[in-house]
Amino acid sequence: MSESHVWDAVDTYFTDRLAPDDEALAAALRDSDAAGLPHINVAGNQGKLLQLLAQIQGARHILEIGTLGGYSTIWLARALPGDGRLISLEYEPRHAEVAVRNIARAGLDRLVEVRVGPALESLPQLADENPPPFDLVFIDADKVNNPHYVDWAVRLTRTGSLIVLDNVVRGGRVVDAGSSAPDVRGTRAAIDLIAEHPRLSGTAIQTVGLKGYDGFALARVV
């Protein structure tokens with residue numbers, strides 16, 4: 001069995017045993033696929049990790065940057081109490097339409113608001129509303145703007161909040177300091193920001209599995 005097949009088999013085993021999709025999650029994936037959305041949603045075991053992190057945080061307010069079809073949104077929203085709130089920012093109106101339907105079918109529309117438009121326009125508007133600090137921010141959008149998203153995440157959180165930055169390994173390309181690829185440059189700039197920011201303490205983890213070779217960064221606001 002090839003290495004990648006082993007990764008897939010292990011991921012499938014863990015997901016089937018510990019984070020199986022229920023009907024709402026499976027339907028979200030089916031509808032996203034039927035609508036032609038890219039297959040870049042988190043894996044099921046990664047979705048469960050996000051849910052656990054939100055629960056460990058005791059999160060009442062969650063911000064997600066990058067909704068896609070709402071699969072990760074459902075995992076995160078299920079960690080919220082009945083009076084919690086999740087705001088998810090999505091650039092593509094077509095993706096947002098699919099996500100809104102998926103979230104409603106999961107019975108979470110009273111907790112979740114999907115806002116459409118460039119996140120770097122939505123974030124200042126959100127800040128102007130003076131919302132309660134977000135307890136957890138999940139960033140999974142265009143990688144070139146990762147440092148800007150991390151910066152906004154710090155502004156919109158509090159001491160003790162958690163920031164999760166997805167897809168930071170880029171198949172190993174993140175180590176190429178001379179890369180001109182926008183996703184690599186944006187990711188490296190975000191890692192540098194986490195490393196140097198006086199209010200962040202972070203780390204990054206490599207992962208393998210159904211989503212290939214990648215990883216995520218975690219940062220706590222201090």
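Remember, predicted model here, so these are calculated numbers, not experimental data. All values below were derived from every heavy atom in this structure, side-chain atoms included, with hydrogens, water molecules and symmetry-related copies excluded.
- Counting only residues at least two apart or on different chains, the side-chain hydrogen bond (donor to acceptor under 3.5 Å, both in side chains) pairs with a member in residues 50-62 are R60-D83.
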Query raised in the report: Can you list the steps and then say if H95 with T67 is a side-chain contact (heavy atoms from CB on, under 4.5 Å)?
Result: CA-CA 8 Å; H95 297 179; T67 317; over 6 Å; no
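- Atom-to-atom distance recorded for I191:CD1 and L193:CG is 9.5 Å, nearest 0.5 angstrom.
- At a threshold of 4.0 Å, the pair D135-R158 counts as salt-bridged, since one of the basic side-chain nitrogens sits closer than that to a carboxylate oxygen.
- Between V137 and L162, the closest side-chain pair of non-hydrogen atoms is not below 4.5 Å.
- In terms of heavy atoms, G70 sits closest to A99 at N-CB, 3.7 Å.
- The pair E64-R85 does not meet the salt-bridge criterion, since no charged nitrogen lies less than 4.0 angstrom from a carboxylate oxygen.
- Looking at I163 and F138, their side chains never come closer than 4.5 Å, going by heavy atoms from C-beta outward.
- Contact annotation: the side chain of V114 never approaches that of T73 to less than 4.5 Å [non-hydrogen atoms, C-beta and beyond].
- At a threshold of 4.5 Å between non-hydrogen side-chain atoms, the residues P124 and W152 count as touching.
- Hydrophobic clustering, with ILVMFWY side chains joined whenever heavy atoms are under 4.5 angstrom apart, keeps L37 apart from Y91.
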Requested in this report: Output, in order, the C-alpha distance, side-chain angles, deciding distance and verdict of salt bridge (charged side-chain N to carboxylate O under 4.0 Å, His left out) for R173 and D183.
Outcome: CA-CA 9 Å; R173 292 183 297 120; D183 62 332; 2.5 Å; yes
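- For the pair P131/L126, a side-chain contact is recorded, criterion being any heavy-atom separation below 4.5 Å from C-beta on.
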Query raised in the report: Could you walk me through whether V169 and T207 pass the side-chain contact (heavy atoms from CB on, under 4.5 Å) check?
Result: CA-CA 8 Å; V169 174; T207 60; over 6 Å; no
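- Summarising the local packing, CZ of R185 is surrounded by 12 or fewer heavy atoms from other residues, nucleotides or ligands at distances under 6.0 Å.
- Listed for the R220 side chain is no donor-acceptor partner under 3.5 Å among the backbone atoms of L200.
- A distance-only check finds a donor-acceptor pair linking the side chain of D22 to the backbone of L25 [under 3.5 Å].
- Atom CG of residue L156 and atom CD of residue E129 lie 10.0 Å apart, to the nearest 0.5 angstrom.
- Each of N41, L50, V42, L165 was evaluated against D140; a single residue qualifies, V42, per the side-chain contact (heavy atoms from CB on, under 4.5 Å) test.
- When all heavy atoms of A27 and N102 are compared, the closest pair comes out as O-OD1, 4.1 Å.
- A distance-only check finds a donor-acceptor pair linking the side chain of Q46 to the backbone of A43 [under 3.5 Å].
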Query raised in the report: Given the rule in the side-chain contact (heavy atoms from CB on, under 4.5 Å) test, do L68 and V98 qualify, once you have shown the distances and angles that lead to the verdict?
Result: CA-CA 8 Å; L68 195 60; V98 175; over 6 Å; no
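- Here the shortest heavy-atom pairing between A119 and Y149 reads CB-CE2, 3.7 Å.
- One distance of note links CH2 of W75 with CG of L52; it measures 8.5 Å at 0.5 Å rounding.
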Requested in this report: Kindly determine whether V221 and F134 satisfy side-chain contact (heavy atoms from CB on, under 4.5 Å), including the steps that lead there.
Outcome: CA-CA 11 Å; V221 182; F134 291 99; over 6 Å; no
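- Put simply, L76 and V112 are part of the same group of oily side chains (I, L, V, M, F, W, Y) that touch within less than 4.5 Å, one to the next.
- The CZ atom of F14 sits 11.5 Å away from the CZ atom of R17 when rounded to the nearest 0.5 Å.
- Of the inter-residue distances, the one linking K211 atom NZ with D8 atom CG reads 10.5 Å to the nearest 0.5 angstrom.
- Between D176 and R170 there is no salt bridge, since none of the side-chain N atoms of the basic residue sits less than 4.0 Å from a carboxylate O of the acidic one.
- Distance check, rounded to the nearest 0.5 Å: CD1 of I40 to CG of D166 gives 10.0 Å.
- A salt bridge does not link D21 with R30: every distance from a Lys NZ or Arg NE/NH1/NH2 to an Asp or Glu carboxylate oxygen is 4.0 Å or more.
- Panel note: side chain T157, backbone V154; a donor-acceptor pair is recorded below 3.5 Å.
- Contact check on R155 versus D151 returns a salt bridge, with a Lys/Arg side-chain nitrogen under 4.0 Å from an Asp/Glu carboxylate oxygen.
- Of all the heavy atoms in L111 and G82, the pair that sits closest is CD2-O, 3.4 Å.
- The cluster map of Ile, Leu, Val, Met, Phe, Trp and Tyr, joined by side-chain heavy atoms under 4.5 Å apart, puts V144 and V174 in different clusters.
- L123 and L86 end up in different hydrophobic clusters when Ile, Leu, Val, Met, Phe, Trp and Tyr side chains are linked at under 4.5 Å.
- Although no hydrogens or angles enter the test, the distance criterion places a donor-acceptor pair under 3.5 Å between the side chain of K48 and the main chain of L18.
- Looking at every heavy atom in both residues, I62 comes nearest to A54 through CD1-CB, 4.0 Å.
- Here the side chains of Y71 and S32 are not in contact, with every heavy-atom distance at 4.5 Å or above.
- When all heavy atoms are compared, the tightest approach of L108 to A77 is CD1-CB, 3.9 Å.
- Here the side chains of V164 and I139 are not in contact, with every heavy-atom distance at 4.5 Å or above.
- Under a hydrophobic-cluster definition in which Ile, Leu, Val, Met, Phe, Trp and Tyr are linked whenever side-chain heavy atoms come within less than 4.5 Å, directly or via other members, I205 and W7 are assigned to different clusters.
- Proximity of F216 to L49: side-chain heavy atoms (C-beta onward) are separated by under 4.5 Å at one or more points.
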